[in-house]
Each structure stands twice: as C-alpha cells, then as structure tokens.
Amino acid sequence: MEAQRRVGPYTLVRKLGEGGMGLVYLAEDPDGRRVAVKTMRPELAAREEFRRRFGKEAEAARRVARFCTAPVLDAGFDGGTAYLVTSRG
C-alpha cells in the first residue's frame, strides 16, 4: 500500500481493488467499524469540474434506497484526495 495510511478520519487497512477512477480500500472509521473507502485518482480530483460532479453524485448516491446498493456514509476531500465511504454491505 502507498505511504498514506489515513484518508479523512478513516484508517486504511488494505487495498481491495483498483479501477479507472481510483482505488478501493478496506478501512476503519474512528469507532473501529469496517468500511470501504474509494479514493479517486489525484489527476481527477485536481479538476474543478470533477470536484463539482463528485459532490453532486455523492449526494445523489446517499438518496438511493439501501436495498439497491451499499449506503454512502461519507464523502469528501482530504487535501488532494477525493474519497467516498460506503458500508461493507
């Protein structure tokens, strides 16, 4: 795993996968619960258009019924890292 061991308040445990937009990690929230943290590629997060779209899509994902997909618990930016947090399902 890369040197960064935290994103926002989440402690990264191990990498679960990788895709075109970024990496997905198993992580722990501040209370020790296991969550999935998707970090977006830095070159995407650096673009203002992407940042706006990311915020809108994160809000839309929070409104999706829980039986349809893993609920979005958090989303934000930590320095140059955009991240999206979901329950592990």
Side-chain angles (χ1 to χ4, degrees):
M1 180 164 32
E2 50 199 53
Q4 183 179 12
R5 303 275 309 160
R6 292 183 66 81
V7 173
Y10 304 95
T11 302
L12 306 180
V13 176
R14 66 181 167 87
K15 185 168 88 169
L16 295 174
E18 186 171 352
M21 289 188 68
L23 302 163
V24 179
Y25 295 95
L26 174 64
E28 291 184 349
D29 73 7
D31 295 326
R33 291 180 295 233
R34 294 279 172 117
V35 296
V37 176
K38 181 176 185 178
T39 61
M40 307 306 161
R41 297 203 181 280
E43 62 271 18
L44 293 175
R47 293 196 227 144
E48 185 59 35
E49 176 186 336
F50 172 84
R51 294 169 72 92
R52 275 194 305 273
R53 194 177 88 211
F54 176 79
K56 288 179 182 178
E57 289 180 9
E59 281 305 310
R62 287 182 172 147
R63 293 189 298 269
V64 173
R66 288 185 172 238
F67 69 87
C68 296
T69 185
V72 173
L73 304 175
D74 193 11
F77 294 91
D78 182 3
T81 303
Y83 64 92
L84 181 74
V85 181
T86 61
S87 68
R88 292 188 323 132

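It should be emphasised that the depicted structure is a prediction, and the values quoted were computed from it without experimental measurement.
With respect to Arg33 and Glu28, no salt bridge is recorded, no charged nitrogen being found less than 4.0 Å from a carboxylate O.
In this structure, the side chains of Tyr10 and Asp74 come closer than 4.5 Å at one or more pairs of heavy atoms.
The shortest heavy-atom contact between Met21 and Leu44 is O-CD1, 3.8 Å. In this structure, Arg6 and Asp78 approach most closely via the heavy-atom pair O-OD2, 4.2 Å. Considering every non-hydrogen atom in both Asp29 and Val35, the closest pair reads N-CG2, 4.4 Å. The two residues Ala75 and Leu84 come nearest to each other via the heavy atoms CB-CD1, 3.8 Å. Annotation for Arg51 and Phe77: closest pair NH1-CD2, 3.5 Å, computed over non-hydrogen atoms. Closest heavy-atom contact between Phe50 and Ala82: CE2-CB, 4.2 Å.
For the atom pair CG of Leu16 and CG of Leu26, the computed distance is 5.5 Å after rounding to the nearest 0.5 Å. Rounded to the nearest 0.5 Å, atoms CE (Met40) and CZ (Arg47) are 13.0 Å apart. Between the CZ atom in Arg5 and the CG atom in Leu12 there is a gap of 7.0 Å [rounded to 0.5 Å].
In the displayed structure, Glu49 atom CD is contacted under 6.0 Å by at most 12 heavy atoms of other residues, nucleotides or ligands.
In this structure, Glu43 has no salt bridge (Lys or Arg N to Asp or Glu O under 4.0 Å) partners at least two apart in sequence or on a different chain.
Distance alone, capped at 3.5 Å, is enough to place a donor-acceptor pair between the Arg41 side chain and the Gly20 backbone.
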